[in-house]
Amino acid sequence: MAEEQTIKEFLEVLSSREPVPGGGGASALAGALGAALGLMVGNLTVGKKKYADVEARVRSMMESLTAMRDRMVHLADEDARAFAPLAAAYGLPAGTKEERAYKETVMEENLVSASLVPVMIMELAVEILEILDELEEKGSVMAVSDVGVGAQLARTAVTGAVMNVYINTKSMKNRDRAEEINSRAGRALARGTETADKIYARVCTRLKGNEKT
């Protein structure tokens, strides 16, 4: 699982024919990398006289980012755990009326679970982006590009995970439940992409303007 693997091991399994990890796990890893870059910016900020006025706040953000980074790695594994029974459910027999009914019930339950984990990845990525938004303003100007890269990675977590939501909700029989999950994902998508794009635009403006450090 991602929490115990090296990066190379994760990439090798991701590259294989194994069904997990897949896009959901990769999206979560992108979010974890975004949080990690935020932590890098924090570490380059604290202890500097220039940023003494914001040090307490930056340290608080770093505590949050540490928890979010670790949670993202955990969600990569949760995504794999949620998808495994769904993959198995597709192979259930459906020759009789009873078998079809049972398969439909099992499929529905697992489609919901497989949809909710990527929604959680999206919502956590939005939280990471909101911290990066503040770090872009308060963090070391020496690391402003790292804030920008972190934001793009967290954005990928949002835009990647939403596809895992939609591919599962489209197969759900309970359309009210499916639309409820889609709406939740849609809110995270709108909020996350807007925040990430705002950070990206500001960072690029600062970099192209050759802002002094």
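Predicted model, so just to flag it, every value in this text is computed and none were measured. Below, each value reflects all heavy atoms present in this structure, side chains not excepted, and no hydrogens, waters or symmetry copies.
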Please report the shortest heavy-atom distance between A151 and L129, naming the atom on each side. O-CD2, 3.5 Å
Any P118 side-chain heavy atom under 4.5 Å of D79 side chain: yes
Do V73 and M68 land in one hydrophobic cluster if side-chain heavy atoms of ILVMFWY residues count as linked below 4.5 Å? no
Measure the shortest side-chain to side-chain distance between T193 and R155 over non-hydrogen atoms and say whether it is less than 4.5 angstrom. yes
Correct closest heavy-atom pair for M120 and R184 would be CG-NH2, 4.2 Å
Could you state the interatomic distance from CD1 (I131) to CD (E63), rounded to the nearest 0.5 Å? 10.5 Å
Spacing of CG belonging to L116 relative to CD belonging to E123, to within rounding of 0.5 Å: 9.5 Å
E55 with R59: basic N within carboxylate O range, under 4.0 Å: yes
With a 4.5 Å cut-off on side-chain heavy-atom distances among I, L, V, M, F, W and Y, is there a chain of contacts connecting I199 to L135? yes
Residue pair T195 / D133, side-chain donor-acceptor N/O under 3.5 Å: no
Do other residues, nucleotides or ligands put more than 12 heavy atoms under 6.0 Å from the OH atom of Y102? no
Atom pair CD (E3) and CG (D70), whose distance is rounded to the nearest 0.5 Å: 8.5 Å
Should we say atom CD of E9 is surrounded by more than 12 heavy atoms from elsewhere, each under 6.0 Å from it? yes
So E130 and R191, salt bridge (Lys or Arg N to Asp or Glu O under 4.0 Å) or not? Walk me through it. CA-CA 10 Å; E130 288 173 346; R191 189 171 162 191; 2.3 Å; yes
One thing to verify: whether R57 and E134 come together as a salt bridge, which I'm taking to mean a side-chain N less than 4.0 angstrom from a carboxylate O. yes
Under a 4.5 Å side-chain heavy-atom rule over Ile, Leu, Val, Met, Phe, Trp and Tyr, are L65 and V126 clustered together? yes
Tell me whether L189 at atom CG has more than 12 heavy atoms from other residues, nucleotides or ligands lying less than 6.0 Å away. yes
